[in-house]
Amino acid sequence: MEPLLIGLDIDGTVVHEDDSLSPRVADAVRRVVEAGHVVVLATGRSQATTESTAVRLGIEPSHLVSANGALVLARRGDAYEPVHVETFDPSDALRTIAQGLPTGSFMVEDATGHRRYTDGMVDWNLDVAERVEFEDLLEVPALRVVVMSPDHEVDEFLEIVEGMGLHKVSYAIGYSSWLDIAPEGVNKATGLAHVAEDLGIPRDRILVVGDGRNDIEMFEWVAEGGGRAVAMGQAPDEVKAAATEVTADVQGDGLALVLEGLLVRA
């Protein structure tokens, strides 16, 4: 089998909801790398937590896609360096969302990975971060914006956000009531496209696996090019609809099943 470019979402695909990593999944990832395939993590996470996941897996990818495609990194020696960065002015989007979600909490990540957040932002890595007032979030070009609203159920949250008419930004909604906002037209597909071009790998030799709404564009892009787009078993219906196939859920080591299948074919 010719080497594949394998793009992997992290949360809900590589790791469980509690951030634990199945030994079977880690072993399968290492084995496909040893077989000559190119594994790239494609995630909404920051650079630091994307890199740390690669370390936990025991791999050194040539590239990483972070911040939902707004940050593409290439390995240079022992470190990763940005090779493509997209930022945007978050002020209009933040003001619009704050009007619709007055009890929401907000976080803005800039191109350096520094995070600014308001009260109530929980369950996020805030190691390189500072708490600020809402107005202070509007001043810096953003790589990524995160909005949380624990007062709303996911369906209600989705309805509110869809009704806001957000323009000039790309956004995806998670399983819980949180929203990820990226620069307009930027997503995991655009990030992975930079990697594929850099490596000279066509879309029909790309395999991607994910479980979230922020994976939909990546699934569609790969499927249109003749590649494989695999949804995890617990993915929402609209994510599965964008995929070319569905594997078991994260509890059932669905990613390992997909990767082990590549090793059998080889």
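Here the structure is a predicted model, which is why all the values come from computation and not from measurement. Hydrogens, waters and symmetry mates play no part in the numbers below; they use all other heavy atoms, side chains included.
Between D253 atom CG and Q251 atom CD the span is 8.5 Å, to the nearest 0.5 Å. D215 CG to E238 CD: the interatomic distance, rounded to the nearest 0.5 Å, is 11.5 Å. Atom CD1 of I10 sits about 4.0 Å away from atom OG1 of T53, to the nearest 0.5 Å.
Note: the hydrophobic cluster containing L257 does not contain F219 (ILVMFWY, side chain heavy atoms under 4.5 Å, direct or indirect links). Both M164 and L138 are assigned to one and the same hydrophobic cluster, defined by single-linkage of ILVMFWY side chains at heavy-atom distances under 4.5 Å. Cluster annotation: L41 is connected to L262 through the hydrophobic network of ILVMFWY side chains, with a link wherever side-chain heavy atoms come within less than 4.5 Å. Hydrophobic clustering, with ILVMFWY side chains joined whenever heavy atoms are under 4.5 angstrom apart, groups V72 together with V222. Transitive grouping of hydrophobic side chains (ILVMFWY, heavy atoms separated by less than 4.5 Å) brings V108 and V132 into a common cluster.
N214 meets the side chain to side chain donor-acceptor pair (under 3.5 Å) test with N68; sequence neighbours excluded. Checked against side chain to side chain donor-acceptor pair (under 3.5 Å), T247 has no partners two or more places apart in sequence or in another chain. Residues meeting the side chain to side chain donor-acceptor pair (under 3.5 Å) test with S52, sequence neighbours left out: none. In terms of the side-chain contact (heavy atoms from CB on, under 4.5 Å) criterion, residue partners of E184 (sequence neighbours excluded) are, by chain and number, K168. Under the side-chain contact (heavy atoms from CB on, under 4.5 Å) criterion, Q47 pairs with E51, L71, L73, Y80, sequence neighbours left out. Not counting sequence neighbours, S62 has no partner by the side chain to side chain donor-acceptor pair (under 3.5 Å) test.
For the pair R213/V239, a side-chain contact is recorded, criterion being any heavy-atom separation below 4.5 Å from C-beta on. A 4.5 Å side-chain heavy-atom check between V14 and L21 finds at least one atom pair inside the cut-off. Proximity of L101 to L179: side-chain heavy atoms (C-beta onward) are nowhere separated by under 4.5 Å. The shortest distance between side-chain heavy atoms of L259 and H37 does not fall below 4.5 Å. Residues T43 and T49 are not in side-chain contact: their nearest non-hydrogen atoms beyond the backbone lie 4.5 Å or more apart. At least one side-chain heavy atom of V40 sits less than 4.5 Å from a side-chain heavy atom of L192. In this structure the side chain of E86 never reaches within 4.5 angstrom of the side chain of T190, judged on heavy atoms. Under the 4.5 Å side-chain criterion, counting only non-hydrogen atoms from C-beta, D249 is not in contact with M232.
A salt bridge (Lys or Arg N to Asp or Glu O under 4.0 Å) check over residues 68-81, counting only residues at least two apart or in different chains, returns the pairs E60-R75. Applying the salt bridge (Lys or Arg N to Asp or Glu O under 4.0 Å) test to pairs two or more places apart or on separate chains, those with a residue in residues 20-32 are R24-E260, D27-R31. Pairs of residues two or more places apart, or lying in two chains, that qualify as ring-ring contact (aromatic ring centres under 6.0 Å, His included) and include a residue from residues 86-119 are F106-F134. Among pairs with a residue in residues 96-120, those fulfilling salt bridge (Lys or Arg N to Asp or Glu O under 4.0 Å) read E109-R115, E109-R144, D110-R116, R116-E130, D119-R131, at least two apart in sequence or across chains. Legend: ring-ring contact (aromatic ring centres under 6.0 Å, His included) pairs involving residues 4-31, not counting sequence neighbours: none detected.
The two atoms that bring A242 and I216 nearest to each other are CB-CG2, 4.0 Å, heavy atoms only. D9 and T13 get closest at one heavy-atom pair: OD2-OG1, 2.8 Å. Minimum heavy-atom separation, T244 to G227: CG2-O, 4.1 Å. Heavy atoms only, all atoms of each residue included: P183 and A70 are closest at CD-CB, 4.1 Å. Of all heavy-atom pairs between S46 and S66, the closest is O-OG, 3.8 Å. Residues V39 and P61 share a closest heavy-atom pair of O-CB, 3.3 Å.
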CA sep, side-chain torsions, deciding dist, call: R228, L4, side-chain contact (heavy atoms from CB on, under 4.5 Å): CA-CA 10 Å; R228 293 176 63 194; L4 300 175; 5.7 Å; no
For the pair M148 and M121, evaluate side-chain contact (heavy atoms from CB on, under 4.5 Å) and give the outcome as yes or no after the intermediate values. CA-CA 7 Å; M148 289 187 64; M121 182 59 63; 3.5 Å; yes
Residues Y171, E162; criterion side-chain contact (heavy atoms from CB on, under 4.5 Å); working and verdict: CA-CA 10 Å; Y171 61 91; E162 293 288 357; 3.2 Å; yes
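A donor-acceptor pair under 3.5 Å links the side-chain atoms of Q234 to the main chain of V250, judged by distance alone. No donor-acceptor distance shorter than 3.5 angstrom exists from the side chain of S105 to the backbone of T118, with no hydrogens or angles considered.
For the residue pair N187 / S170, no side-chain donor-acceptor distance below 3.5 Å is found, with atom types taken as modelled.
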Only distances under 3.5 Å count here; give the side-chain donor-acceptor pairs of residues 193-204 to other protein atoms, sequence neighbours excluded, each with its distance to 0.1 Å.
from, atom 1, to, atom 2, distance (Å)
H194, NE2, H84, NE2, 3.3
D198, OD2, H63, NE2, 2.6
R203, NH1, W221, O, 2.8

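The local environment of CD in E159 is sparse, with at most 12 non-hydrogen atoms from other residues, nucleotides or ligands closer than 6.0 Å.
At a threshold of 4.0 Å, the pair D19-R45 counts as salt-bridged, since one of the basic side-chain nitrogens sits closer than that to a carboxylate oxygen.
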